[in-house]
Amino acid sequence: MISLSGLNAAQRQAAETIDGPLLILAGAGSGKTRTITYRIAHMVDNLALPQKSILAVSFTNKAAKEMRERIIGLLGKKKARGLTMATFHSLGVKILKKEISKLGYHKNFSIYDSADQSAIMREALKSFKAGKQFDQKIIMAKIGKLKNQGIGPDDYADSEYFDDEDPYDHATHYVYDYYQDKLKFYNAIDFDDILFLTVKLFTDFPEVAKQYSEQFRYIMIDEYQDTNNLQFDLITGLTSTHNNLCVVGDDDQAIYSFRGADITNILSFERMFPGAKVVKLEENYRSVSSILELANKVIKENINRRDKTLWSQRKSSHTPLLWSMANTEHEAEVISDEISKHQSNGGHLGDIAVLYRSNTQAQPFEEVFRMNQIPYTIIGGQKFYEKKEVKDLMAYLTVILNPKDQLQLRRILNIPNRGIGSRTLEKYLEKSEQEDISLYEALYRYPDLDPNREKHIRDFTGIITKFKEVFDLQSLPEAISKLVEDIGFYEFIDKSYDSAKQVERRRNDVNFFIESAERFVKYNGAHATLKNFVEKLLLQDNQDTEEDEDDDIRKNEVTMMTFHSSKGLEFDTVYMVGVEEESLPHKNTIKNGEDISEERRLCYVGITRAQQKLIMTYCKERKLYGKDTPRFISRFINELDKDGFCVHQDRTTFGHMTEEEADDYKKGFFANLIDGLDDDSMF
DNA sequence: TCGTCCGGCGTTTTT
DNA sequence: CGCCGGACGA
């Protein structure tokens with residue numbers, strides 16, 4: 001029996017409402033995960049609802065994993081078995097693996113990321129008359145939007161989004177058609193297709209939707225404010241036979257509209273699901289009240305929102321600070337000094353985060369932190385599977401699985417260089433078109449198309465054939481190592497980069513790739529097939545490929561990341577840097593005359609990450625693209641009546657310090673200066 | 001086939 | 001300022 005007495009009244013009400021539509025409006029730090037994990041535990045343990053009938057969907061594998069672990073903590077492993085915790089995409093893939101043949105694809109489809117997408121669209125645009133006049137990015141964005149509306153290439157011309165007068169729309173139509181055709185021919189689907197095709201499956205085959213809906217009689221959706229229209233349609237399909245839908249989210253933290261998230265999903269939940277119950281979680285267990293007061297004040301400027309007021313029992317003497325800095329180097333130095341002070345007072349660096357609007361802002365901090373020997377870690381940036389060498393190896397694995405995948409095949413045809421260049425490729429592409437066979441089949445059947453290249457072609461197809469078998473017989477990491485060796489991949493890396501540092505980094509990427517295969521095998525045993533491995537990597541499902549269990553205990557490192565990446569996390573001390581006009585709100589949002597409320601929400605997300613201390617900074621001048629540009633405080637802070645909410649201090653002078661502090665600071669400052677001179681005196 | 005040079009451009013990104 | 005993609009020449 002699970003006791004719900006540890007929940008507050010609102011949380012408890014949310015956990016006990018099981019039937020019918022339910023919206024849990026969970027403010028930042030209000031114990032959302034706690035509430036939903038207790039809700040599930042309650043359903044299983046107290047109400048004896050079958051595990052198999054419960055589905056919880058989140059956006060990230062990390063969130064899904066955390067939920068699973070916490071439920072196991074409540075129920076134990078045995079009782080938690082049979083619950084489905086998925087991401088939208090992993091759920092889609094799971095369904096498509098079983099059903100995709102109904103849509104005319106084969107079961108071993110490849111999954112394409114946005115780089116692959118872009119490559120095919122570029123090709124499509126090239127083949128379009130006067131394709132040069134069009135910006136591929138705009139077309140790609142249009143297609144992305146169409147997919148998110150559930151509009152396929154065939155429906156486009158009749159849709160409200162198609163303007164017959166607009167040449168761009170004609171180009172888009174052509175590219176969309178070409179693109180989707182190619183994908184099918186390659187037996188590939190892109191990230192959007194995972195949802196698009198699942199929804200199509202549900203629409204074209206309502207009996208399939210019915211079957212899944214009957215299986216999952218209780219559905220929970222996390223971060224509901226971030227769902228897009230396709231995800232909404234997917235949810236509708238899954239609830240086609242019942243309406244036991246519980247969604248959890250916070251409209252004030254909706255920051256992904258640029259990716260197609262539609263905030264109206266959460267704003268009009270009751271209209272979409274009549275009879276819905278709404279529970280607000282407003283007590284915050286994270287931040288001291290002064291920080292929450294500032295957060296509330298900032299977000300109340302937005303008009304179209306569900307009214308909420310976060311409150312906290314935690315009092316503190318700290319008032320959020322707003323510091324003005326001279327420029328980006330100064331900003332980094334002052335913060336670095338503060339962190340050094342914290343460190344020498346015995347403070348833990350894992351308690352500190354530096355948050356910014358864009359990744360480029362991390363650079364000056366990196367430099368200064370390195371110089372002052374402050375350990376740090378940067379979250380975000382390039383994804384592991386997006387690194388070139390990893391993509392190359394993944395392409396090999398993909399082709400071994402799905403030789404129809406022309407894109408991946410073309411990627412590796414001449415990697416490492418084996419004298420099969422664009423001329424030869426052209427010939428084979430022509431051949432494959434003539435005979436209506438895949439590129440791989442053309443290579444395999446006609447190795448002597450150009451007698452000069454015959455050996456190279458045979459070598460290549462030989463590798464693929466051989467490794468189909470190798471991967472069957474040997475373990476995943478063994479087979480990959482052998483592949484790396486056989487194709488001379490390390491030697492290829494060595495000669496591809498001049499700097500030893502680059503070579504080492506890339507070699508390490510390859511090693512890490514092999515290691516992740518080892519871990520994958522260790523965790524998945526018999527399920528550790530090549531296909532599952534490639535799929536997991538693509539879906540960023542690193543839960544057992546990356547080292548685990550350091551989530552609750554942070555390393556002794558300062559964490560740096562974007563406001564976006566910080567959603568859901570918390571830190572004792574938060575530095576929000578570059579709180580400036582044209583950064584937050586971002587200049588493109590201002591320029592386009594767009595609604596800036598999402599930028600304000602981003603500011604709100606940043607503020608609500610802080611538990612004890614919040615310091616916001618802005619620079620009077622910032623170096624942008626090599627030019628010094630004057631900057632001003634963000635309107636989000638400047639527009640407020642700041643008295644009592646936030647203390648404005650000018651860090652370019654010592655005016656904010658006591659005399660003693662200023663003296664200490666100057667001493668340190670001049671000492672640094674002299675150190676600097678010593679270094680420079682070498683010249 | 002492959003390497004070099006030039007010009008354009010520059011947010012955020014859970015999959 | 002620095003990266004990436006396309007053009008062009010060896």
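Lettering follows sequence order; numbering is per chain, from 1.
- Within the 4.0 angstrom heavy-atom criterion, no nucleotide atom of any strand lies near A:D192.
- When each of A:L602 and A:L425 is assigned the nucleotide of DNA chain B bearing its nearest heavy atom, the one mapping closer to the 5' terminus is A:L425.
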Please table the atom pairs, donor to acceptor, closer than 3.5 Å between any side-chain atom in residues 424-431 of chain A and protein atoms at least two apart or in another chain.
unit_1, atom_1, unit_2, atom_2, d
A:K427, NZ, A:D450, OD2, 3.3
A:Y428, OH, A:Y446, O, 2.6
A:Y428, OH, A:P447, O, 3.4

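- For A:R357, taking side-chain heavy atoms from C-beta onward, the closest of the listed nucleotides B:dC2, B:dT15, B:dT12 is B:dT12.
- A distance of 6.0 Å or more separates the ring centres of A:Y618 and A:F632.
- Distance CG (A:L624) to C1' (B:dT11): 12 Å, rounded to an integer number of Å.
- At least one side-chain nitrogen or oxygen of A:N359 sits closer than 4.0 Å to the OP1 or OP2 atom of B:dT13.
- Neither OP1 nor OP2 of B:dT11 sits under 4.0 Å from any side-chain N or O of A:T360.
- With rounding to the nearest 0.5 Å, the separation of CZ in A:F258 from CD in A:E598 is 7.5 Å.
- A sub-4.0 Å separation between OP1 or OP2 of B:dG10 and a side-chain N or O of A:N588 is absent.
- Shown here are the salt bridge (charged side-chain N to carboxylate O under 4.0 Å, His left out) partners of A:E581, two or more places apart in sequence or in another chain: A:R635.
- The nearest whole Å value for the distance from the CG atom in A:L413 to the P atom in B:dC2 is 11 Å.
- Across the protein-nucleic acid pair, A:R601 atom CZ and B:dT13 atom P stand 17 Å apart, rounded to whole Å.
- Residue whose closest nucleotide on DNA chain B sits further toward the 5' end, between A:I420 and A:Y625: A:I420.
- Applying the salt bridge (charged side-chain N to carboxylate O under 4.0 Å, His left out) test to A:K142 and every residue at least two apart in sequence or in another chain returns A:D169.
- Whole-Å rounding puts the A:N61 CG to B:dT13 P distance at 17 Å.
- Comparing B:dT1, B:dT15, C:dG6 by their nearest atom to the side chain of A:R122 picks out C:dG6.
- Applying the 4.0 Å criterion to OP1 and OP2 of B:dT13, one finds that A:T562 has a side-chain N or O inside that range.
- The salt bridge (charged side-chain N to carboxylate O under 4.0 Å, His left out) test applied to A:K97 returns A:E535, not counting sequence neighbours.
- Across the protein-nucleic acid pair, A:Q363 atom CD and C:dG2 atom P stand 8 Å apart, rounded to whole Å.
- At whole-Å resolution of the value, OH in A:Y256 and P in B:dT11 are 16 Å apart.
- Closest approach of A:H456 and A:R418 over heavy atoms only: CG-O, 3.2 Å.
- A:F258 qualifies as a stacking partner of the B:dT12 base, centre to centre under 5.5 Å and near-parallel within 30°.
- A straight line from CZ of A:R418 to P of B:dT1 spans 13 Å, rounded to a whole angstrom.
- Comparing B:dT11, B:dT13, B:dT1 against the side chain of A:R453 picks out B:dT1 as the nearest.
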Under 3.5 Å, N/O pairs linking protein and nucleotides 3-9 of chain B:
none

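- With B:dT15, B:dT12, B:dT13 as the choices, the nucleotide that has an atom nearest any side-chain atom of A:S565 turns out to be B:dT13.
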Donor-acceptor pairs under 3.5 angstrom involving side-chain atoms of residues 188-202 of chain A: please list them, not counting sequence neighbours.
unit_1, atom_1, unit_2, atom_2, d
A:D190, OD1, A:K147, NZ, 3.3
A:D190, OD1, A:D192, N, 3.0
A:D190, OD1, A:D193, N, 2.6
A:D190, OD2, A:Q117, NE2, 3.0
A:D190, OD2, A:K147, NZ, 2.6
A:D190, OD2, A:Y179, OH, 2.6
A:D193, OD1, A:K147, NZ, 2.9
A:D193, OD1, A:Q180, NE2, 3.1
A:D193, OD2, A:K147, NZ, 3.4
A:D193, OD2, A:Q180, NE2, 3.1
A:D193, OD2, A:D190, N, 3.2
A:T198, OG1, A:I194, O, 2.4
A:K200, NZ, A:D204, OD2, 3.2

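- A distance cut-off of 5.5 Å between ring centres, combined with a plane angle under 30°, places A:H586 in a stacking arrangement with the base of B:dT11.
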